[in-house]
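Naming convention: chains lettered A, B, ... in sequence-line order (proteins, then strands); numbering from 1 in each chain. Predicted model only: the values in this text are computed from it and were never measured. Only heavy atoms go into these numbers, but all of them, side chains included; no hydrogens, no water, no symmetry mates.
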Number of protein chains: 2
Amino acid sequence: MDVDARKLRILQAIIEDYILSNTPVGSRTLSKTSGLGVSSATIRNEMADLTEMGYLMQPHVSAGRVPSEKAYRLYVTHLMPEGLTDAERERARTFFTSRIHDMEDLLAQGAEVISELTHYTALVLTPRQSDLKVSRVQLVPVGEGRALLVIVTDSGIIRDTVLRVSGRLDDTSLYTIGRMLSERLQGLTLRQVRELLYGYAAHSDADARVLSGIADLAGQMEKQTESDRVTVGGAHCILYYPEYAEVSRARAFMAELEDRDCLISLMRQCEGQPSVLIGAETGIPAFSDCSVITAPYRVGHGHTGAIGIIGPTRMPYAHMTELMTLLGEALSEMLS
Amino acid sequence: MDVDARKLRILQAIIEDYILSNTPVGSRTLSKTSGLGVSSATIRNEMADLTEMGYLMQPHVSAGRVPSEKAYRLYVTHLMPEGLTDAERERARTFFTSRIHDMEDLLAQGAEVISELTHYTALVLTPRQSDLKVSRVQLVPVGEGRALLVIVTDSGIIRDTVLRVSGRLDDTSLYTIGRMLSERLQGLTLRQVRELLYGYAAHSDADARVLSGIADLAGQMEKQTESDRVTVGGAHCILYYPEYAEVSRARAFMAELEDRDCLISLMRQCEGQPSVLIGAETGIPAFSDCSVITAPYRVGHGHTGAIGIIGPTRMPYAHMTELMTLLGEALSEMLS
DNA sequence: GTTAGCACTCGCACTATAAGAGTGCTAACA
DNA sequence: TGTTAGCACTCTTATAGTGCGAGTGCTAAC
């Protein structure tokens, strides 16, 4: 038994009905509303087949059918007709204007703003930073044995870390050391810088001793550059969906949202291109009833972060996928 | 009619019972469990008085009594017996060790960690920064007409802002300008700096023209220094309380948590000293069934931020008040 | 002032019932 | 052979009715 054109049309109709109504779809209503031109009995037969093939499920014997994850996957991969209207498309393109100016703003407000537009819980992941190339380095004294190491990267992103340095160093020598570092490190990636610093620490030659605790510095850099950050916005949005009317579900969802590591790995999974993860595909038990739609954005030359939304598997995929892609593009423009 | 000692004891017993059980407290159970040595009838009489005086409420005529906000206020102000055990106290004192090192860590993890300990939704407010005094200033070039303005304050907090500067300025002149600024601004508060910059912009003398758009800079500083930041941790905790079993309530709560401005003003209300806001006292409709317990922490010389928890009005006030105070003190030590 | 007793109230859990939606199967039809 | 109409059956959901129990207020006695 294979999925012929009519089965596909029926499946699509069921999915789209279910996405809107959140109630199991019956054969009778479907034959009336979907305009397929066949009777409910025929649809029943097809439904029975689709159920057998794993595309539909019945909550109980006398209820209508509900699409399975397999059905959503098929829908996302092969069906998905309409996306946005022109007006919506235009709105998405200009959405970030005057709201997001730099990475800081993005982290602080991005998720919030995206969630506002989509009415889904939104996620924003910063670009992986260990691949950024150093364009200049400067040491700023901040008093009693501490200095601020400012690293400007080629895409204009600025990382800074407070370092513990030898108390003997005055402003001018720090400035000099900064210039020296700047020359040596220019063009290297943050990861290479880190490894270089670890190397210095190991050999402990004259240069290395200038700063006390080079290894420590490298460690701090590792912490800063590897730990990509993710922000969550509109967490409460999930509570508008009847799927989360039970507190216990909402609780599990919310608790998971607080696990940044988990969110980061979730977003990383689909890095670089728009992507849809359905239910179990997320790989996170607490999100096994959720779908995640992500889209990349670029900062400078090829460093990509990701934005995403998360909601019940019953999601207007066509709409949201296109929306996220557009928002990612709009964001890339804002940030470059 | 006034609140005599026995009425107080009864009220206290009711409050403490209700905090644990979350069910209206009846006269019979109270006379048995509270060890007051009076019969249920007597308690009933007293309860009737307390109800009349506004300390107790009845959900319906044949239910037990529930403490009103007025009762909680009385409890917090005049009663509140036991606090923490010695073990808990010790744990609180050493709780932050090796977790929170600087302001960044505090913002990133503080709320999360406090919520973990208390099982309440936690809030962390950064110290108000416009009162900080400048100890040094440095300009770091970051390429094509942009510079990073690093302001180190007396308590070691570092604020940095990316500025748009004239493209004609090379590294050395920026460094010089930085030194110049440093001398002029040293000892001023960030607010004074801001006003000074606005003044420069207004008079537009020779010094001012060095940086293009001084007013812009001042504006950016205002944005950075006035907008104190608040982070939320353990938002899901509220969902463990039966008061929030209804999604609509949880939703309102969660939505309000996303309004940072609201949270900031909430935390600011009780700046400087441990404080308890009960129900309507919060001044926020969405939190009118919540209580907020806050405690201050200090960074450096007298600049205070605040930590807090928020939960249902039915809260173990004695316990939590002491806990938050201790945590605030522990935090102050970590950060100085 | 305190207590025992008693009638009364009212929410809540439980049961029974009816309604409605939807299915699967069978038989007839094109 | 595919499609359709009809029908019996299933199962959820909503509604109403019922009994129980917790708790109160009042009264009268101690």
Side-chain angles (χ1 to χ4, degrees), chain A residues 1-11 13-15 17-18 20-68 71 242-243 245-246, chain B residues 1-11 13-15 17-18 20-68 71 242-243 245-246:
Chain A
M1 183 162 32
D2 69 325
V3 188
D4 59 22
R6 190 173 68 180
K7 280 196 176 57
L8 273 185
R9 278 214 306 282
I10 290 176
L11 189 57
I14 292 174
I15 289 175
D17 187 316
Y18 185 73
L20 285 178
S21 70
N22 192 33
T23 48
V25 184
S27 58
R28 193 181 143 78
T29 42
L30 200 62
S31 86
K32 282 195 173 171
T33 60
S34 71
L36 285 167
V38 288
S39 79
S40 66
T42 309
I43 292 181
R44 272 204 291 283
N45 288 333
E46 299 285 41
M47 276 177 159
D49 291 350
L50 286 167
T51 306
E52 202 180 321
M53 295 156 80
Y55 290 107
L56 295 177
M57 296 181 308
Q58 287 182 286
H60 52 265
V61 61
S62 78
R65 301 306 212 286
V66 169
S68 68
E243 284 90 337
E246 261 178 88
Chain B
M1 182 163 30
D2 69 324
V3 189
D4 59 23
R6 190 172 70 182
K7 279 197 175 59
L8 273 185
R9 279 215 306 281
I10 290 176
L11 189 58
I14 292 174
I15 290 175
D17 186 315
Y18 185 72
L20 286 178
S21 69
N22 193 34
T23 47
V25 184
S27 58
R28 195 180 142 78
T29 42
L30 199 62
S31 86
K32 282 193 174 173
T33 60
S34 71
L36 285 167
V38 289
S39 77
S40 65
T42 309
I43 292 182
R44 272 205 290 285
N45 288 332
E46 299 285 41
M47 277 175 158
D49 290 349
L50 286 168
T51 306
E52 200 180 322
M53 294 157 80
Y55 290 108
L56 295 177
M57 296 180 308
Q58 288 181 286
H60 52 266
V61 63
S62 78
R65 301 307 214 283
V66 168
S68 68
E243 283 91 337
E246 260 178 88

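When the side chain to side chain contact (heavy atoms under 4.5 Å, CB included) test is applied to A:Thr23, the partners found at least two apart in sequence or on another chain are A:Ser21. Under the side chain to side chain donor-acceptor pair (under 3.5 Å) criterion, A:Ser62 pairs with no residue at all, not counting sequence neighbours. A:Glu246 pairs by the side chain to side chain contact (heavy atoms under 4.5 Å, CB included) definition with A:Ser248, A:Arg249, not counting sequence neighbours. By the side chain to side chain donor-acceptor pair (under 3.5 Å) test, B:Thr42 is found to be paired with B:Ser39, residues two or more places apart in sequence or in another chain being considered. Take A:Arg28 and apply the side chain to side chain donor-acceptor pair (under 3.5 Å) test, not counting sequence neighbours, and it matches no residue. Taking B:Asn22 as the reference, B:Tyr18, B:Pro242, B:Glu243, B:Arg314 meet the side chain to side chain contact (heavy atoms under 4.5 Å, CB included) condition, with sequence neighbours excluded. Legend: residues meeting side chain to side chain donor-acceptor pair (under 3.5 Å) with A:Thr33, ordered by chain and number and at least two apart, are absent.
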Each nucleotide N or O in nucleotides 15-20 of chain D that has a protein N or O under 3.5 Å away: list the pair and distance.
none

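What separates CD1 of B:Ile10 from C1' of C:dG1 is a distance of 13 Å, to the nearest Å. Between the P atom of D:dT4 and the CZ atom of A:Arg6 lies a distance of 8 Å, rounded to the nearest Å. Remark: C1' of C:dG1 and CD1 of B:Ile43 are 15 Å apart, rounded to the nearest angstrom. Following rounding to the nearest Å, B:Glu46 (CD) and C:dG1 (P) show an atom-to-atom distance of 10 Å.
Each side-chain hydrogen bond (donor to acceptor under 3.5 Å, both in side chains) pair with one or both residues in residues 47-61 of chain B, not counting sequence neighbours, appears once here: B:Lys7-B:Asp49, B:Thr51-B:Arg65. For residues 34-45 of chain B, the set of pairs meeting the salt bridge (charged side-chain N to carboxylate O under 4.0 Å, His left out) definition, not counting sequence neighbours, is empty.
Remark: DNA chain D takes part in the stems C:1-30 with D:1-30, each of 3 or more antiparallel Watson-Crick or G-U pairs, criterion distances under 3.5 Å.
When every heavy atom of A:Ala13 is checked against every heavy atom of A:Leu30, the shortest pair comes out as CB-CD1, 3.9 Å.
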Query - Protein-to-nucleotide contact annotation, 5' to 3' order, nucleotides 12-30 of chain C [B base; S sugar-phosphate only; - none; under 4.0 Å, heavy atom] - result: ---------BSBBB-----

